[in-house]
Amino acid sequence: MMLHEKIARQFFAAAEAGDTKDLREVCAPDRTARQNNASAMGLTDLLHFTLAVKRAIPDFHYENCICSGTDSGFVEEHDIVGTLPDGNRLFMRLCVVAIIEGGQIVSMHEYADSYGARGLIKAVSEGG
């Protein structure tokens with residue numbers, strides 16, 4: 001496994017577990033991310049969002065992960081699944097393109113299935 005794929009595994013395992021300590025270790029302090037080209041999200045935003053997701057969807061997890069390390073980071077495609085607070089199933093496809101420098105993620109671009117994301121957005125905004 002390439003180093004960048006290992007960092008991807010660490011990131012997604014921490015996100016899945018809601019482990020903000022491990023997320024801080026794998027992400028640069030000035031890390032930025034954009035979801036579907038929306039406004040940039042900093043590391044603090046990521047930590048808050050991760051905890052909100054775990055509160056709203058305790059069984060949130062990734063399935064069907066396909067990760068490819070690149071010279072500058074990684075590209076991963078996966079399914080996000082779980083049980084929404086209303087009992088419906090969360091299912092959405094996501095593709096992540098990340099840049100790694102000095103062993104930490106400095107930039108991420110996420111491309112999500114906006115139809116599938118509706119349930120997740122509603123659950124997080126309502127606080128579970």
Side-chain angles (χ1 to χ4, degrees):
M1 180 184 307
M2 289 179 53
L3 174 61
H4 291 167
E5 291 171 344
K6 183 179 176 186
I7 291 170
R9 291 283 47 83
Q10 291 172 312
F11 175 83
F12 291 114
E16 191 174 66
D19 187 335
T20 58
K21 179 182 177 284
D22 282 354
L23 284 172
R24 283 184 190 278
E25 288 179 15
V26 76
C27 293
D30 59 349
R31 168 232 181 247
T32 60
R34 292 187 186 277
Q35 296 174 329
N36 291 356
N37 292 319
S39 299
M41 181 189 309
L43 180 58
T44 301
D45 300 321
L46 167 69
L47 301 175
H48 290 299
F49 182 74
T50 299
L51 292 175
V53 168
K54 285 307 283 185
R55 273 192 308 272
I57 306 167
D59 65 344
F60 169 93
H61 63 282
Y62 303 104
E63 293 181 355
N64 304 314
C65 302
I66 301 170
C67 185
S68 298
T70 67
D71 289 342
S72 60
F74 64 85
V75 176
E76 177 160 314
E77 181 181 3
H78 54 244
D79 300 329
I80 295 176
V81 297
T83 307
L84 295 167
D86 65 7
N88 286 315
R89 180 176 186 248
L90 167 66
F91 178 85
M92 62 184 275
R93 299 285 298 151
L94 188 75
C95 181
V96 178
V97 179
I99 305 298
I100 297 172
E101 294 176 359
Q104 291 185 306
I105 298 169
V106 296
S107 173
M108 295 180 86
H109 292 267
E110 299 179 349
Y111 302 96
D113 164 20
S114 56
Y115 181 79
R118 292 179 316 151
L120 175 64
I121 294 165
K122 181 180 178 192
V124 169
S125 67
E126 293 176 355

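No experiment lies behind these values; they were computed from the predicted model shown.
In this structure, F12 and V96 have side chains that are in contact, with non-hydrogen atoms separated by less than 4.5 Å. Side-chain contact check for Q10 versus V26: some heavy-atom pair is nearer than 4.5 Å.
Every side chain to side chain contact (heavy atoms under 4.5 Å, CB included) that I121 has, sequence neighbours left out, goes to A117. Legend: residues meeting salt bridge (charged side-chain N to carboxylate O under 4.0 Å, His left out) with E77, ordered by chain and number and at least two apart, are R93. Checked against side chain to side chain contact (heavy atoms under 4.5 Å, CB included), D71 has no partners two or more places apart in sequence or in another chain. Contacts of H4 classified as side-chain hydrogen bond (donor to acceptor under 3.5 Å, both in side chains), with partners at least two apart in sequence or in another chain: none. Residues satisfying the side chain to side chain contact (heavy atoms under 4.5 Å, CB included) test with T70, not counting sequence neighbours, are S72, V75.
Atom NZ in K54 sits 7.5 Å away from atom CG in D59 (nearest 0.5 Å). To the nearest 0.5 angstrom, S114 atom OG is 12.0 Å from Q35 atom CD. The NE2 atom of H61 sits 11.5 Å away from the NE2 atom of H78 when rounded to the nearest 0.5 Å. Once rounded to the nearest 0.5 Å, the distance linking CE of M2 with SG of C67 reads 9.0 Å.
Applying the salt bridge (charged side-chain N to carboxylate O under 4.0 Å, His left out) test to residues at least two apart or on different chains, the pairs with a partner in residues 19-30 are K21-E25. Within the structure, salt bridge (charged side-chain N to carboxylate O under 4.0 Å, His left out) contacts touching residues 101-119 (residues at least two apart or in different chains) do not occur. The ring pair (Phe, Tyr, Trp, His ring centres under 6.0 Å) contacts involving residues 15-60 comprise F60-Y62, where partners must be two or more places apart or lie in separate chains.
Nearest approach of E5 to G69, heavy atoms of both residues: OE2-N, 3.0 Å. Of all the heavy atoms in A98 and I105, the pair that sits closest is CB-CG2, 4.4 Å. Minimum heavy-atom separation, A52 to V124: CB-CG1, 3.7 Å. Between V106 and A28, the shortest heavy-atom distance links the atoms CG1-CB, 3.8 Å.
A continuous path of hydrophobic side-chain contacts links M41 to F11 [ILVMFWY only; heavy atoms under 4.5 Å]. Hydrophobic clustering of Ile, Leu, Val, Met, Phe, Trp and Tyr side chains at less than 4.5 Å, counting indirect connections, unites L94 with V53. When the side chains of ILVMFWY residues are joined at heavy-atom separations under 4.5 Å, either directly or via intervening members, L43 and I7 end up in a single hydrophobic cluster.
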Under 3.5 Å, which donor-acceptor pairs do the side chains of residues 85-92 form with other protein atoms, sequence neighbours left out?
| residue | atom | partner | partner atom | Å |
| --- | --- | --- | --- | --- |
| D86 | OD1 | N88 | N | 2.9 |
| D86 | OD1 | N88 | ND2 | 3.3 |
| D86 | OD2 | N88 | ND2 | 3.1 |

> Can you list the steps and then say if R31 with L46 is a side chain to side chain contact (heavy atoms under 4.5 Å, CB included)?
Replying inline: CA-CA 9 Å; R31 168 232 181 247; L46 167 69; 3.8 Å; yes
>> Between L84 and I57, is the side chain to side chain contact (heavy atoms under 4.5 Å, CB included) condition met? List the steps.
In response: CA-CA 6 Å; L84 295 167; I57 306 167; 3.8 Å; yes
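Between E76 and R9 there is a salt bridge, since a side-chain N of the basic residue sits under 4.0 Å from a carboxylate O of the acidic one.
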